[in-house]
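Just so you know, these numbers use all the heavy atoms, side chains as well, and skip hydrogens, waters and symmetry mates.
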Amino acid sequence: MLSGRVILLGLISVLATIATVTETTALLGNSTVYLVDTAPSASAAGDPLALGLQAPPVTDTTGSATASHPEIPSVGFAGVLTALRVLWTITATIAVGVVVALATLAGWALVNLGRKDTMEVCKTTAIWWRGLAHYWWFGRSYAEFPFCADSIESRVYIRSIALAMTLWSLPHYRNGNFQDDMEKNLRNVAIPGTGVPLSVFCRSRVRFFVAVLVLAPIACLCIAVIGAKPTKGGAKQAVADRYAMLLLHPQDWFTLWRINCCLASYHAHVTGSADYAVEDKWTFLQLAEEKGIAVSPTLELPAIVCKDRNEEGGMGIAFYENARHGGDWILQKVLYNAPFVKDLLPKKAPLSTIRIVTASRVGLPGAMSTDPTDLIEPLSCVLRLGREGALTDHDAILFDVDGATGIIQEGTINKSWYKLGWSNATLAAPGGPATFTSHPDSSAVVTGKTIPGMSEIRALVKRAHAECCPEVPLCGWDVALTNEGTLLLEVNLSCNFFQATIDRNEYFCFVDEHFRHLEQRVAAAI
């Protein structure tokens with residue numbers, strides 16, 4: 001059993017740290033960005049990534065380039081003193097957080113694990129901190145990373161976490177900057193058992209820093225200790241090993257998604273590729289139509305009006321201008337599931353799609369073909385069968401699919417990651433995902449069925465990747481088997497595997513190769 005006093009002490013210490021951080025953030029106000037972004041820090045002086053990815057200058061209305069933050073007033077001696085006090089507060093806050101984390105980890109480990117496992121937990125935590133310090137403090141490169149030599153997964157994962165700070169305030173191909181994109185996309189995601197949306201930790205650099213250095217190790221230890229179950233022989237599972245896996249190379253879908261997001265953002269900044277324009281749904285549909293790729297059709301009408309049948313007095317009416325005629329809305333008729341998919345679903349299920357993620361080696365050194373199609377291969381395939389009454393298949397049972405044969409495997413769900421609020425703050429260790437062989441809302445057997453035309457579907461996504469965005473490393477394609485044929489609905493460049501089975505070694509080697517290549521390009525440009 002866990003010691004209640006140790007847990008209470010740890011929680012009080014963490015809350016005190018968060019309170020200090022909150023006060024620091026309030027003191028900083030908008031100056032946080034200026035202090036960090038106006039010039040490379042001393043610790044980043046040797047970091048070609050930080051130097052090569054500075055925010056672009058702002059152009060005024062006359063067209064002349066100005067400083068990145070022209071609104072910053074001149075700073076006198078008093079301003080310098082204030083800045084020093086702010087930096088000292090940040091440093092003290094981080095130091096307190098690190099001490100709190102170390103004391104909490106050591107306390108829990110000593111109470112529950114014994115001295116040997118405690119030392120292993122401390123070693124793992126030290127690798128985590130030293131790995132991040134390699135980038136954030138010493139400004140060194142990915143190629144020089146000295147830790148986790150036997151684990152490419154850990155090296156790639158730690159690099160992706162560190163990259164978030166480098167990319168933080170730089171323009172993003174989809175939303176304002178990288179921080180904006182993180183906050184927007186994580187507002188409905190929480191670590192299972194916490195109920196806290198992860199966007200809370202993306203609202204400032206300080207919050208993110210404390211979350212990564214302090215809260216992440218504590219959360220991983222909580223899950224490792226609480227989730228440890230007796231084995232058949234009566235001994236407890238190795239908590240230290242489970243902690244190392246959770247902290248240094250987590251196996252969940254969320255981690256892979258965030259790695260994909262960092263790779264896409266990093267690649268977009270370094271290469272400046274125009275291929276990222278297809279993240280805009282209308283841009284993609286237009287380009288695909290021009291190239292004769294089968295996509296969901298759009299209406300020709302310049303605009304439509306929608307009226308409620310019973311409202312009056314000017315209420316219950318909405319106008320939508322078609323993107324095809326310069327508006328903001330893509331107007332399409334409703335598509336329906338093809339008979340094969342329909343037979344697996346309940347009566348009121350949404351259009352259900354196949355998510356295929358393809359990987360492109362276009363632009364990497366050593367590419368042996370000039371035909372982009374030869375350099376693109378599918379990594380994963382999952383069939384998302386929507387739930388009864390859902391509007392889209394984002395609420396679905398996720399059935400893994402053998403991408404080569406089209407044979408459907410077992411299904412899972414990931415809803416535990418979307419449970420927000422105090423009622424979901426159970427602090428219970430997440431168990432293994434529930435598995436399904438049939439759809440729970442229709443009782444139709446799904447596992448073992450074969451998706452028709454799988455080879456044609458593979459060819460379709462490979463062609464779309466090669467002709468629409470060959471330079472983008474990873475693309476997530478939403479393929480629909482409809483009453484009008486097999487169609488692409490959209491492409492996602494910060495893509496999610498949706499718990500599909502992947503060859504993890506192949507995937508991490510692919511990301512590793514891209515990280516190394518991009519770092520070389522940045523260094524060569526300086």
Side-chain angles (χ1 to χ4, degrees), residues 188 253 257 281 284-285 288 293-298 330-358 378-418 433-461 464 475-492 494-502:
N188 67 335
W253 68 270
W257 175 42
K281 293 176 176 60
F284 166 67
L285 290 174
I293 297 171
V295 293
S296 52
T298 58
I330 300 173
L331 303 183
Q332 299 175 299
K333 64 180 180 180
V334 176
L335 297 172
Y336 298 96
N337 292 300
F340 171 79
V341 179
K342 183 179 179 181
D343 290 344
L344 303 176
L345 296 168
K347 291 183 178 180
K348 295 183 179 180
L351 184 68
S352 296
T353 61
I354 303 167
R355 164 59 64 89
I356 300 180
V357 174
T358 51
L379 288 183
S380 68
C381 182
V382 64
L383 174 62
R384 301 184 297 189
L385 295 180
R387 303 300 301 268
E388 175 78 14
L391 292 177
T392 72
D393 62 0
H394 281 80
D395 183 5
I397 308 298
L398 311 172
F399 285 91
D400 198 14
V401 176
D402 184 323
T405 65
I407 297 176
I408 304 173
Q409 313 297 314
E410 288 186 334
T412 60
I413 55 176
N414 60 0
K415 297 300 289 183
S416 61
W417 284 82
Y418 295 93
T435 57
F436 302 85
T437 57
S438 60
H439 195 296
D441 301 331
S442 68
S443 299
V445 175
V446 178
T447 300
K449 298 284 181 66
T450 301
I451 296 177
M454 195 64 213
S455 59
E456 289 78 9
I457 294 172
R458 286 169 57 92
L460 174 63
V461 296
C475 288
W477 304 95
D478 290 340
V479 186
L481 307 183
T482 78
N483 58 316
E484 297 195 9
T486 300
L487 305 172
L488 293 179
L489 301 186
E490 62 185 43
V491 61
N492 299 273
S494 295
C495 52
N496 188 336
F497 289 113
F498 285 105
Q499 301 189 167
T501 297
I502 64 170

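Taking a 6.0 Å sphere around CZ of F340, one finds it holds more than 12 heavy atoms contributed by other residues, nucleotides or ligands.
Looking at residues two or more places apart in sequence or on another chain, you find a ring-ring contact (aromatic ring centres under 6.0 Å, His included) between F497 and Y507. Contacts of T447 classified as side chain to side chain donor-acceptor pair (under 3.5 Å), with partners at least two apart in sequence or in another chain: none. The side chain to side chain donor-acceptor pair (under 3.5 Å) check on S296 picks up Q332, with sequence neighbours excluded.
Listed here is the closest heavy atom pair of D393 and P350: N-CG, 3.8 Å. Pairing each heavy atom of A500 with each of C381, the nearest pair is CB-O, 3.8 Å. Residue E388 comes nearest to K347 through the heavy atom pair OE1-N, 3.6 Å, listed as atom of the first residue, atom of the second, then distance. H439 and V446 make their closest contact through N-CG2, 3.9 Å (heavy atoms, listed as atom of the first residue, atom of the second, distance).
Rounding to the nearest 0.5 Å gives a distance of 8.5 Å between OG of S494 and CG of N492. If you take CG on L481 and CD1 on I354, they are separated by 4.0 Å, rounding to the nearest 0.5 Å. Atom-to-atom distance recorded for F498:CZ and L398:CG is 7.0 Å, nearest 0.5 angstrom. The CG atom of L344 sits 6.0 Å away from the CG atom of L385 when rounded to the nearest 0.5 Å. T435 OG1 to I397 CD1: the interatomic distance, rounded to the nearest 0.5 Å, is 10.5 Å. To the nearest 0.5 Å, atom CD1 of residue I293 and atom CG of residue L487 are 12.5 Å apart.
Taking the six-membered ring where tryptophan is involved, the planes of W477 and F284 are tilted, since the angle between them lies from 30° to 60°.
For the pair R355 (side chain) and N496 (backbone), a donor-acceptor distance under 3.5 Å is present. One N or O on the side chain of N337 and one on the backbone of S352 form a donor-acceptor pair closer than 3.5 Å. Within the 3.5 Å criterion, the main-chain N or O of T501 finds a donor-acceptor partner in the side chain of D400.
With hydrogens and angles left out, the side-chain atoms of D478 and T353 include no donor and acceptor closer than 3.5 Å.
For D441 and K348, the salt-bridge test fails: no basic side-chain N is under 4.0 Å from an acidic carboxylate O.
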